[in-house]
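Working notes, structure below.
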Amino acid sequence: MKKTAAILLIIFGSVLVIYALMVLVNCFALLSSTEFNNVGIGYSLGTLFGPLLLLAVARWLIRKGVKTYKAELLLKKKQL
């Protein structure tokens with residue numbers, strides 16, 4: 001059961017990484033298209049922090065999933 005949950009964590013983290021990268025590309029397009037005034041810079045920085053935070057969460061989910069998966073494999077090896 002933990003093995004399945006670990007695989008789901010890895011898949012969900014990977015989907016979050018792909019989504020965050022798509023949002024970052026969109027943010028880059030927004031940065032290059034807006035004028036450099038206070039409102040444009042503030043809006044661009046605001047849209048930049050969300051995907052970066054999402055990448056950090058996705059990285060944590062993937063690492064947690066890999067750690068759980070490896071622990072389950074070692075536990076199964078010890079039982080054999």
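Fair warning: this is a prediction, and the values are worked out from it, not measured in the lab. For reference, positions follow the sequence shown, starting with 1.
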Working to the nearest 0.5 angstrom, can you tell me the gap between L74 CG and K77 NZ? 7.0 Å
What are the two closest non-hydrogen atoms of G65 and A6, and how far apart are they? O-CB, 3.3 Å
List the atom of E72, the atom of K3, and the distance in Å for their closest heavy-atom pair. CG-N, 4.1 Å
Is there a side-chain contact between R59 and V17 (heavy atoms, below 4.5 Å)? no
Can you give me the closest heavy-atom contact between L24 and L48, atom names plus distance? CD2-CD1, 3.5 Å
Restricting to side-chain contact (heavy atoms from CB on, under 4.5 Å), what partner residues turn up for K67, sequence neighbours left out? none
Would you say V66 and L55 are hydrophobically clustered, going by side-chain heavy atoms of ILVMFWY under 4.5 Å? yes
Side-chain heavy atoms nearer than 4.5 Å, only ILVMFWY residues, links allowed to pass through others: does that put L53 and I18 together? no
Heavy-atom closest pair, residues A58 and G13: CB-O, 3.4 Å
When Ile, Leu, Val, Met, Phe, Trp and Tyr are grouped by side-chain heavy atoms lying under 4.5 Å apart, directly or through other members, which residues fall in the same group as L16? L9, F12, Y19, V23, L54, V57, W60, L61
